[in-house]
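Below is one structure, written out as structure tokens; the observations come after it.
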Protein chains: 2
Amino acid sequence: MDELDSAIVRELQADGRQSNRALAGKLGIAPSTCLERTRLLQRRGIIQGYRAEVSFKALNRSVQAMVFTQVRPLRRDVVTAFEQSVTRLPEVVSVYTMAGSDDFLVHVTAQDIDHLHAFLLDQFTNRREIIAFRTSIIYQHLTNPVLGPLPPAE
Amino acid sequence: MDELDSAIVRELQADGRQSNRALAGKLGIAPSTCLERTRLLQRRGIIQGYRAEVSFKALNRSVQAMVFTQVRPLRRDVVTAFEQSVTRLPEVVSVYTMAGSDDFLVHVTAQDIDHLHAFLLDQFTNRREIIAFRTSIIYQHLTNPVLGPLPPAE
DNA sequence: TCCGCCCGCCGAATTTGATTCGGCGCAACT
DNA sequence: AGTTGCGCCGAATCAAATTCGGCGGGCGGA
């Protein structure tokens, strides 16, 4: 994981579909070398995959919310089952399992407020293990485009 | 945005780098047709881009946390400046701007607890506009691999 | 210091995929 | 039933990925 590898990762985070030649050109190395490095990064698990990034609005999901959820009992089986089943719901983008007073943050999307409400009533109110949840609308979600190397941080 | 477009989006979310031919094969259409569809999805802004997914652990970021942050005054310029500058910090993965008692959720990563602590002291404690923040360690972050179409939801 | 080995980079050759474009068929409207 | 338009297809061309033999620099041993 030298400087060159970091640069490759950074570039592919910005554009995961740029051609190997283009990437090699930017880095000033031969395409074959670049390909070798990139494949090694995949084999080592540093690059886990490539994903298309889709627009929620274009998919008719204008509303995003974060659902702070408390679950009891906090046993392994209950926690795992909750994570797995909730992650699979189509409205759910991701689930953060956390320390603190809320056990999970569930990032959800819906067409509009009514659908969000219906979703929560159908999927959260009914569940036995959920003892409480609070919902906050997300106005905006910004993502860091470049997860480069961390600063030295002495 | 018919069923075929949805299938393309779903496939490219699962693997954003599969070849056009492979994708066309799965969907049972000609590569040229598939390419046309895919490009249209990009031009329409439904597919916004492609990103390499990187392993936090491999990048030496074993600790993830969510920082619930309150900012005052809640003026547009203060909010925007906060979002922009925080999003650019290398430790920050993403920033959710929210309704509710906490104004922002900031998803951060660090090498370890000590670095997380140092980061918060350096970047959060010092800021004038931040009047309070709470930090929760993230044990696990699961993401829905397929953001397909929403259910009919009558 | 010199020699030899090893690892990683390079570039040409080959294979595979992307892209273009002319034509066909279906469906809708007249 | 004729006409028009749109989307799909497939062959031809162009570009990229992939493979592989060879070169060179750095390191360890003599």
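Proteins come first, then strands; the chains are lettered A, B, ... in the order of their sequence lines, and each starts at number 1.
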(request) Decide whether a cation-pi geometry holds between B:R17 and A:Y50; the criteria are a distance under 6.0 Å from NZ or CZ to the six-membered ring centre and an angle within 45° of the ring axis. (result) yes
(message) Could you tell me if B:T97 and A:H141 have a donor-acceptor pair between their side chains, going purely by distance under 3.5 Å?
(response) no
(message) Starting the side chain at C-beta, find the nucleotide from D:dA16, C:dG11, C:dA18 nearest to A:S19.
(response) D:dA16
(message) Under 4.0 Å from OP1 or OP2 of C:dT20: is there any side-chain N or O of B:R39 that close?
(response) yes
(request) On DNA chain D, check which nucleotide each of A:R21 and B:C34 is closest to and give me the residue with the more 5' one. (result) B:C34
(request) Measure from CD1 on B:I8 to C1' on D:dC8 and round the result to the nearest Å. (result) 12 Å
(request) Check B:V71, B:D103, B:L120 against B:F133 for a side chain to side chain contact (heavy atoms under 4.5 Å, CB included) and give me the one that passes. (result) B:L120
(request) Verify the contact: side-chain N or O of B:S32 to OP1 or OP2 of D:dC9, cut-off strictly under 4.0 Å; return yes or no. (result) no
(request) Assess the pair A:Y96 and A:F104: is the distance between their ring centroids shorter than 6.0 Å? (result) no
(request) Take B:A22 and B:E36, find for each the nucleotide of DNA chain C with the closest heavy atom, and name the residue whose nucleotide sits nearer the 5' end. (result) B:A22
(message) Nearest to the A:L35 side chain among D:dT18, C:dC9, D:dC8, which nucleotide is it?
(response) D:dT18
(message) How many whole angstroms separate atom CG of B:N20 from atom P of C:dT20?
(response) 12 Å
(request) Return the value, rounded to whole Å, for the distance between atom CD of B:Q18 and atom P of D:dA16. (result) 20 Å
(request) Identify, between A:P31 and A:R17, the residue whose nearest nucleotide on DNA chain C lies closer to the 5' end. (result) A:P31
(request) Might you confirm whether atom CZ of A:R88 has over 12 heavy atoms from other residues, nucleotides or ligands at distances under 6.0 Å? (result) no
(message) In this structure, how many angstroms lie between the C1' atom of D:dG7 and the CD atom of B:E3, rounded?
(response) 17 Å
(message) Rounded to whole Å, please give me the gap between CG in A:D2 and C1' in C:dC7.
(response) 13 Å
(request) Would you kindly give the CZ-to-C1' distance between A:R43 and D:dT18, to the nearest whole Å? (result) 13 Å
(request) Let me know the distance between OH of A:Y50 and C1' of D:dA17, rounded to the nearest Å. (result) 13 Å
(message) C:dG8, OP1 or OP2 - any side-chain N/O from A:R37 closer than 4.0 Å?
(response) no
(request) Specify the separation, in whole Å, of atom CG of A:L23 and atom P of D:dT18. (result) 13 Å
